[in-house]
Every structure is written in structure tokens, then in C-alpha cells.
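Encoded as C-alpha cells, the structure appears first; notes follow it.
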Amino acid sequence: MRPADDLSGMDELYRDFILDHYRNPRNAGTLEAPDASCEDLNPLCGDRIRMDVKLHDGIIEDIRFQGRGCAISQASASLLTETVKGKTVAEVAALGKDDVLANLGIPISAARLKCALLGLSVLKRALKL
Amino acid sequence: MTATMPQAAVGASLSPAAVARIRADFPILQERPHGKPLIFLDSAASSQKPVQVIEAMDDYYRRYHANIHRGIYHISELATEAYEEARSAIARFIGSPCSAECIFVRNATEGINLVAYSWGRSNVRAGDVILLTEMEHHSNLVPWQMLAQEKGARLRFVPVTADGRLDMNRLDTLLDGARLFAFTAVSNTLGTINPVRELCLRARAAGAVSVVDACQAVPRMPVDVTQWQCDFAAFSSHKMLGPTGIGVLWGRKDLLDAMPPFLTGGGMINVVRYDRTTFADVPARFEAGTPAIAEAVGLGAAVAYLTAVGMERVARYEHELAALALEKLRGIGQVVVYGPGIEHRTGVISITVGDIHAHDLASILDREGICVRAGHHCNQPLMEKLGVPATTRASFYLYNTPDEIDALIAGLEKAKRIFKLT
Ligand SMILES: Cc1ncc(COP(=O)(O)O)c(C=O)c1O
């Protein structure tokens, strides 16, 4: 736990690059004829993400995501699309919670973990992983 | 009951001294999440509990716990008496002419389901209309959807106007052919206070039975089911200073008497043979199995507490806090307040702030020790209609203070700074 009166705690969570990914999501939108696609939401909070993937020889050639929700869920999904482009499906299969958190690089509380992981879970479902 | 009741405050609302005395009764307000004083602005989801309620339940378990209506021994008689006294206290609290009309259930959700299963399945037929409103909590929507699907009945909805009120102009047309009209007395998202008596009378004139979701009304304003002229009303103990796990379905005696059981088993029977059973009279007919006895005792203590404070005062004070909050929120740019003007609302306020998502806002406020609700508030269709995925909701109760509203405002300003909004 962080010291009680650390007012910078939240600035650390909502760092500039998180806000940037939230407001200017990378790979935003949908694909014309995706090879894999999935949309899901977190029913508790209503965060919603759709992932469209174009595959070529088991490699993620292109990816788009569309969603709405909190800064953490949307920035995390945006970052994820950058990470996985050009990677193999097997490499995506190997990604887990720690990779997402490392990618985000900010302290995520238990209550917000679902938000951070929504993008990866949708992508994995799209790829039937 | 061992603990003392709060002293009644002087004046129409609650004085700062009275609120200070009330606050002293709530142990949880001493907690310091993240090292900050706990500012609890989520009582619409579930209220905190005064020591009087906690002690009443503790006392029950320590001194006279036993199953009720069964034991021929002293402590069972004490438990039975306490359970039935809680029922009478609730009847008095909501203006019910007879305590048998108050059925103990698990929560408001179960109360509504009881009506949908028992009354609904024996009275609603194919083609009948079930009228709801666009501002219903999922608990007062999904049970009716299920009933409508099963029976081939049709659902209709009273529209919500742009300022978050029910569109009364369409009411009589919508009530035409309705068997049942289920609506909330107070919106848990918009804070709107609906004209319950008028809605019930117009339902009755149209030949429809009225079901009032009183979940947000009973905790925060004087409620009198006789004055309302409703047929059923459901509410939960945990939102009105009482424990979780218990709620009340109030129903008109003649309707309840004619209804078949909902859940069946022990405690609700008259004579049981291997092949058939006759059922007990109300309320026992609807209370199958061992009930939540300690919770009933706790709810009784909660009702005693609220009665001692005075529901008129609770309502006025909450209204004052809401007015203060609305005024201060108006002073912050990029804040959108949903719902009607102050004259039609209670202390439940839903907002959005610029492009900050409700969860992010709630996380930032949490770090300041402020508890608010973020999300769809079990009101997904209404949120769709408002065109927002989620709002942040602050709700006030008798233990909140103007200083806490200032803290909320400061927290919102901070969130805007973090999100670089001006
Ligand atoms: C208006 C309204 N109806 C019904 C409910 C459901 O209450 P419970 O979950 O206690 O059954 C709530 C509580 O969230 C509510 O605010």
C-alpha cells in the first residue's frame, strides 16, 4: 500500500500516456472482413470492447479495436493492439495478466484489474485461445 | 433492546448538532480508508448501520436465539415475540393497517418476484398488458419480462421526459388494458420522486393492480401505504439502516389472502399429508422455512431509530443536502447532472464530468476516502436512453454533512486536474 497522503498516487495511475491512449486510441475502428472477431463487455461496469483481427500464416497482420469504458480498459486495449501486431497467435496465447500490467506500467488495484484485462480477454476469445 | 435511541432534533430538518449525534452512532464513520476520513456517499446502494442495530442483533444472538413459532420454551417465545414485534413496527412505520400485510422476504428483489410469481402467474393472461416505466431498476423489470414471456403478456413503458420525470400525459393511454402497473417511488439513478398516490389511483381507475418499488422511498421519506393507495410495495432493510438479508413485501390483505404460495416447505403450512397440504394464512403462507430472525430484530431496531429521528426530518435534511450539492455542482465546468430540478428530487445525484469515465472518477474519489457508485446502477435501458455508458452517483443520508459535499466537490476538481480538463 501507498502512503496515506500521497496525492500523486492518482497522477501516477492516470499518467500522460494512459490519457493519450484513452483519448487517441491506436488501431481504433473495425476491419472490413476480419478473420477473427469478438465483442464482450464487463456486465458489472458496462466496459465494452470489440477486437477485429486479420491473420496471415498465423501472424496478426492487422488489428482494430472499438470500445467504450474507463481510461484503464480503453488504454490497455489500445496498448495491446500495438503489442500484438506482427506477433504470432501462439505468442498472443502466451500473454497473461503480468504482461498487460507490465505494459501499462501503472499500479492497478484489484477492483480495476478486470478493466485492465478486458482487452486481452476479448482478443483471446476472438482467436479462440 | 439495550442501546439508547437518538434524541429527536429540534426544528424541521436536522441541526448540525443532531447530525453530529447521529454520526456518533455509526461506528464505520470512524474508519479511515487510504488514511482519509470515510465519506460515505453511497447510501442509495446500501446504508451504514447505527450501533443500535448492531447491538440489537448481537443481543439477540447472545441472549435469546432460537427458532420461532416452534419451541415451547422461554427463549423461543422471546425470539418469536421479537420477530413479530419487528413486523408490527414496520407496519406502523409504513402506515399499514394490519401487520399481517407485511411479509418478510430477503430483499426488495424477492418481494417483487413474489408478486410476479404468485399474483402474476395466477392473474396475468395472454395479451394482458404489464405497464412499467423507463426508469425501473432491473429488479422491477426482469421479473415482469419473465412473466410476460411465460404468459404471452405485453410490456409497456411510461416514458421518461428529458428532465428525468415520468411523462404523465401518456399515462391513461398506456394504462388502457393493463393488469398491473409496477413503478418505482424514487429513481435510484435520477433521484426523481414520482407522484406515487396519483399513479396508484390512476392504475386503480384503469383496473390495474399497482406494485410500488419502495426501495429508495422508505429509507428517506415518510411513507404511508394507505395514503399511497397502492396494492403492493417492496423495500429492503439494508438501505434503511438495517441489516442485509431481509426486506419487506407489503400487500393489501384481500389480495394476499387470495394468492397461492411462492416458496413452499416448513413454516408456511396448515395441515400436511403425504399427498396434499393446506397452507397457512398470511403472512406465514409466504414465509417458507426458517426466516432471517436476527435480521428482523435488526430491522426493527432500524425502524425505531428512524422513527426517533423522524422521517420528516430525514427527508428535509436530505433534500437540503441535495440542494446544496446541486448548487455547488453547477459551479464546476463540464459537470452534467442528470435528473429533474430540486423540487422533484431526493438526495440521489447522478453526474458525468467531461470525458472522465465513471470508474476513473470513482477511483480518484476513492483515494480521497469518498465512496460513490459508478456504473449503470442496475438501470441499463435508462442509461442507453440517457446516452451515457455510466454515471457517477452520489447519494446522501441522515449522517452526511455539508462538509462532505465540499469534499466531493474538491474531489471532482482534482479529477479534472488529473484528466487535464479545464
Ligand atoms: C429502486 C430500486 N429497486 C430495487 C432495488 C433492489 O434492491 P435489493 O438489491 O435490495 O433487492 C434497488 C437497490 O439497488 C433499488 O434502488
Side-chain angles (χ1 to χ4, degrees), chain A residues 1-25 28 39-50 65-79 101 104 106-119 122, chain B residues 31-38 42 45 138 142 189 350 352-393 407 410-422:
Chain A
M1 257 211 204
R2 210 167 290 280
D5 278 302
D6 180 7
L7 288 181
S8 68
M10 279 294 142
D11 301 319
E12 198 180 313
L13 183 51
Y14 295 103
R15 281 194 196 153
D16 283 353
F17 81 96
I18 296 286
L19 293 181
D20 181 40
H21 274 272
Y22 175 52
R23 291 192 169 125
N24 311 295
E39 175 166 347
D40 202 3
L41 84 173
N42 177 347
L44 285 182
C45 60
D47 283 356
R48 183 189 297 268
I49 283 174
R50 174 194 162 111
F65 94 100
Q66 207 169 40
R68 65 178 200 195
C70 64
I72 305 297
S73 71
Q74 303 305 303
S76 179
S78 170
L79 280 160
L101 295 186
L104 281 167
I106 51 171
I108 297 286
S109 70
R112 304 301 299 279
L113 197 57
K114 277 216 173 75
C115 309
L117 297 179
L118 182 62
V122 172
Chain B
E31 292 297 310
R32 293 179 64 84
H34 307 295
K36 308 272 174 69
L38 178 75
D42 196 20
H138 297 164
V142 183
T189 298
S350 268
T352 52
V353 182
D355 70 346
I356 311 179
H357 190 275
H359 288 157
D360 298 314
L361 196 51
S363 278
I364 292 167
L365 293 174
D366 171 52
R367 296 295 303 215
E368 306 299 309
I370 303 172
C371 311
V372 293
R373 177 89 188 264
H376 53 60
H377 319 296
C378 295
N379 254 164
Q380 284 180 16
L382 180 65
M383 304 301 282
E384 291 285 335
K385 189 174 160 120
L386 295 174
V388 286
T391 67
T392 301
R393 180 186 73 184
L412 297 178
E413 302 273 21
K414 180 172 180 188
K416 283 181 63 180
R417 281 198 303 279
I418 290 172
F419 268 73
K420 302 182 171 49
L421 297 175
T422 45

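Order of the sequence lines fixes the chain letters, A, B, ..., with proteins taken first and strands second; residue numbering starts at 1 for each chain.
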| field | Where B:His357 and A:Tyr22 come nearest, the two heavy atoms and their spacing | value | N-OH, 3.6 Å

| What residues, two or more places apart in sequence or in another chain, satisfy side-chain contact (heavy atoms from CB on, under 4.5 Å) together with A:Asn24? | A:Asp20, A:Arg26

| task | Could you tell me which non-hydrogen atom of A:Tyr14 sits nearest to which non-hydrogen atom of B:Ile364, and how far apart they are? | result | CE1-CG1, 3.7 Å

| note | Checking heavy-atom separations under 4.5 Å from chain A, one finds in residues 372-382 of chain B B:His376, B:Gln380

| said: Within the 4.5 Å heavy-atom criterion, are B:His359 and A:Ile72 side-chain neighbours or not? | reply: no

| request: Measure across A:Ala71 and B:Asp360 and return the closest heavy-atom pair with its distance rounded to 0.1 Å. | output: N-OD2, 2.5 Å

| query | Where does A:Leu19 contact chain B at under 4.5 Å (heavy atoms): side chain, backbone, both or neither? | reply | side chain

